[in-house]
Amino acid sequence: MSKHDMVEMDGVISDVLPSAMFRVALDNGHSVLATIAGKMRRFRIRVLTGDRVKVEVSPYDLTRGRITFRHK
């Protein structure tokens, strides 16, 4: 598997944590600890509690992810 074999899931930001980390409640009922992707940081896209986001989760560690998109 490579970096491109990530599992994409939708969820809602439930908590904002220190060090640019977020707790994301996924649609399937699980919770993931996620950080913002580099492109979102570069273009200063803000993510707040209650926002719907798309999260990429590694198949090796299903408890951590990367936020790649914020839905409007």
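Numbers for residues simply follow the sequence, beginning at 1. Computed from a prediction, not measured in an experiment: that's the story for all the values here.
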What is the distance from atom [atom1] of [X] to atom [atom2] of [Y], rounded to the nearest 0.5 Å?
| X | Y | atom1 | atom2 | value |
| --- | --- | --- | --- | --- |
| I67 | M40 | CD1 | CE | 6.5 Å |
| F69 | D10 | CZ | CG | 9.5 Å |
| I13 | R23 | CD1 | CZ | 11.0 Å |

Could you tell me whether the side chain of [Y] reaches within less than 4.5 Å of the side chain of [X], counting heavy atoms only?
| X | Y | answer |
| --- | --- | --- |
| T68 | M6 | no |
| N28 | M9 | yes |
| F22 | I36 | yes |

Quiz item: Any idea which heavy atoms bring A25 and S14 closest together, and the distance?
Solution: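 Taking A25 first and S14 second, the nearest heavy atoms are N-OG, 4.2 Å.
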Same hydrophobic cluster for [X] and [Y], using side-chain heavy-atom links shorter than 4.5 Å among ILVMFWY?
| X | Y | answer |
| --- | --- | --- |
| V24 | V16 | yes |
| L33 | V47 | no |
| V53 | L26 | yes |
| L62 | V7 | yes |

Quiz item: How about R64: does its CZ atom have over 12 heavy atoms from other parts shown lying under 6.0 Å from it?
Solution: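 Counting neighbours around CZ of R64, 12 or fewer heavy atoms of other residues, nucleotides or ligands fall under 6.0 Å, so no.
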Exercise. Give the intermediate values and the outcome of side chain to side chain contact (heavy atoms under 4.5 Å, CB included) for residues R52 and D27.
Key: CA-CA 10 Å; R52 291 212 36 94; D27 291 341; 3.2 Å; yes
Self-check item: Backbone N/O of S58 and side chain of D61: donor-acceptor pair under 3.5 Å
Solution: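 No, the answer is negative, given that no donor and acceptor are paired below the 3.5 Å cut-off.
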